[in-house]
Protein chains: 2
Amino acid sequence: MGSSDIFRPLRVDAARNREAILEAARQVFAESGMDAALEEIARRADVGIATLYRRFPTRQDLVAAAFEPRLRAYEAAARAAIAAPDPWEGFSTFVRTACSMQAADAGCADVFSLTFPTTTELDRQLRAATAGLNDVIERAKAQAALRADFVLEDLVVLLMANAGVVNATKRHAPEAWERFAAYMLDAFRAPGASPLPEPVGPARLARAIRRSTARR
Amino acid sequence: MGSSDIFRPLRVDAARNREAILEAARQVFAESGMDAALEEIARRADVGIATLYRRFPTRQDLVAAAFEPRLRAYEAAARAAIAAPDPWEGFSTFVRTACSMQAADAGCADVFSLTFPTTTELDRQLRAATAGLNDVIERAKAQAALRADFVLEDLVVLLMANAGVVNATKRHAPEAWERFAAYMLDAFRAPGASPLPEPVGPARLARAIRRSTARR
DNA sequence: AACGAAGTGGAACTGGCCCTACGCTTTTGT
DNA sequence: ACAAAAGCGTAGGGCCAGTTCCACTTCGTT
């Protein structure tokens, strides 16, 4: 990847530990979100905390590496939407898939909602995948399935909202998001019932994203 | 209030400090949510941490006291909705008001979305106020302004969702919630475009609420 | 089998926050 | 003016998470 010139393979024990850390990280991030305790991850991987730091100097390095499979899944969902013959079908399936991933994995809730500061590379890819949907969106509008004033950023806002739903309900009503997503899809469906306030333009949303450290 | 039999007035300096603490708490809670650091509140009130603890032995005592004006405002908004001649008008104004309060005050985002464990008394009142809306909801359905499958709990879920939006956008796109709320209102408006998944019944939502400590 | 490089884990330091104990200060009532 | 009651702030112990350091172990090579 983007590391040094000479690619030196890891020693086998080191490689094994690296995998154990990633596996543990995926579990823990899924349960507790991207701001979970690193020591918990090390503990669960049966590895000293220093080992974790040596392999992943910053939290973001670990997040990026652990999140990769989910990113692929997200990209795949976007591609599926693009490839779908019926654009509304593609669009709505994508929405449900992404929301369901958020529900199943607290890390996805954090990352899809761009609420967690990730590597520039990771969120470049995430945005790219999302932006790819512009095509479906246009086609869905063209056949008057999607309301004309819908914009790509509405999708991001939806994921932020869904993260809120999921976060509040995951313990005792883990399927609440389904009804919520259905409402949103109804809202997106043409014709728009009433005029909407301006969307926050892509530029501002982008700036918004960079640094909502999720605070707490 | 609910304290001891003999009501002993506070010494004037103590009363002054109490007010300072409440004022600081309101500021800090509004900025950082209900899980803000108590020491920060004491610091900002120019008061020792022990004073804060003496006056408000638990975090929830402080939250309840600090939140009171907001609770009143919420109740007032609900009453206004009930009193509105046009039920849809009343309903939608209420939704916008509650969302806007969440946007303006991170504490409201936490409490309205029932994401933060509060005193039983406080959230009893909050629920009562919300439940009062059942009347408007029925009237709005009766005149086919609100879709027939809407339930009261959808309102709570909306507030959870809006908390997510607000949390992610407050720094750089603080009015994003307006467009989101408008979408939701469109979704709620009759006729329902497509069948919805079952709502999570009141009982389960209630259990959900008790203890979503907002984790992180 | 033996040596050096690579890797390891835990101890130690930091800083933030919660919460309590305790000796000092202010108010209040006489 | 003074003493008792009420209130106060600081200091300190506990906990938890992040981060760095370093003496020790394991691996891979010759």
Side-chain angles (χ1 to χ4, degrees), chain A residues 3-25 27-29 31-66 106-107 110 116-117 213-216, chain B residues 3-25 27-29 31-63 65-66 106 110 116-117 213-216:
Chain A
S3 51
S4 69
D5 287 13
I6 322 131
F7 174 63
R8 196 194 311 278
L10 286 178
R11 236 166 65 173
V12 298
D13 55 340
R16 200 179 329 115
N17 281 338
R18 199 189 118 98
E19 279 318 305
I21 291 168
L22 282 178
E23 184 50 36
Q27 274 184 35
V28 174
F29 286 152
E31 288 165 21
S32 313
M34 289 309 192
D35 51 358
L38 297 183
E39 299 194 312
E40 168 64 19
I41 294 173
R43 211 173 303 132
R44 224 183 278 197
D46 252 312
V47 135
I49 182 69
T51 299
L52 188 153
Y53 273 97
R54 194 173 318 104
R55 222 46 75 198
F56 305 99
T58 75
R59 177 183 219 95
Q60 302 199 345
D61 293 330
L62 178 56
V63 165
D110 287 349
F116 190 84
T213 317
R215 183 191 32 96
R216 23 173 121 203
Chain B
S3 53
S4 70
D5 287 12
I6 322 133
F7 174 64
R8 195 196 310 280
L10 285 178
R11 234 167 68 172
V12 299
D13 55 341
R16 199 178 332 115
N17 281 339
R18 199 188 118 98
E19 278 318 305
I21 290 169
L22 281 177
E23 184 52 34
Q27 273 184 38
V28 174
F29 286 152
E31 288 166 19
S32 313
M34 288 309 191
D35 53 358
L38 297 183
E39 297 196 314
E40 169 64 21
I41 294 174
R43 216 172 299 135
R44 223 184 280 197
D46 253 311
V47 134
I49 182 68
T51 299
L52 186 152
Y53 273 97
R54 194 172 317 105
R55 222 46 76 198
F56 305 98
T58 75
R59 176 182 218 94
Q60 302 199 346
D61 293 330
L62 178 57
V63 165
D110 287 350
F116 191 85
T213 318
R215 186 202 22 102
R216 33 170 117 197

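Lettering follows sequence order; numbering is per chain, from 1.
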Tell me whether [X] contacts the main-chain N or O of [Y] through its side chain, where contact means a donor paired with an acceptor under 3.5 Å.
| X | Y | result |
| --- | --- | --- |
| B:E23 | B:A45 | no |
| B:Q60 | B:P117 | yes |
| A:D110 | A:M34 | yes |

Rounded to the Å, how far apart are [X] [atom1] and [N] [atom2]?
| X | N | atom1 | atom2 | value |
| --- | --- | --- | --- | --- |
| A:D46 | C:dG9 | CG | P | 9 Å |
| A:L38 | C:dG9 | CG | P | 16 Å |
| B:N17 | C:dT27 | CG | P | 10 Å |
| B:L52 | C:dC17 | CG | P | 14 Å |
| A:R11 | C:dG7 | CZ | P | 6 Å |
| B:I41 | C:dC17 | CD1 | C1' | 12 Å |
| A:R55 | C:dG7 | CZ | C1' | 7 Å |
| B:I49 | C:dG16 | CD1 | P | 15 Å |

Problem set entry | Qualifying residues under side chain to side chain donor-acceptor pair (under 3.5 Å), relative to B:E40, sequence neighbours excluded | B:R43, B:R44
Problem set entry | For B:D46, all residues meeting side chain to side chain donor-acceptor pair (under 3.5 Å), sequence neighbours excluded | none
Seminar exercise, completed: In this structure, CZ of B:R59 is separated from CD1 of B:I41 (nearest 0.5 Å) by 7.0 Å
For this session: Mind checking the CG-CG spacing from A:N17 to A:L22? Nearest 0.5 Å is all I need.
Result: 11.0 Å
Problem set entry | Closest-nucleotide ordering on DNA chain C, the 5'-leading residue of B:R16 and B:R43 | B:R43
Problem set entry | Nucleotide range of DNA chain D lying under 4.0 Å from chain A heavy atoms | D:dA17 to D:dG28
Exercise. If each of B:A14 and B:E39 is mapped to the nucleotide of DNA chain D with the nearest heavy atom, which maps nearer the 5' terminus, i.e. the 5' end?
Worked result: B:A14
Problem set entry | Which nucleotide in C:dT28, C:dG7, C:dC19 has an atom nearest any side-chain atom of A:R54 | C:dG7
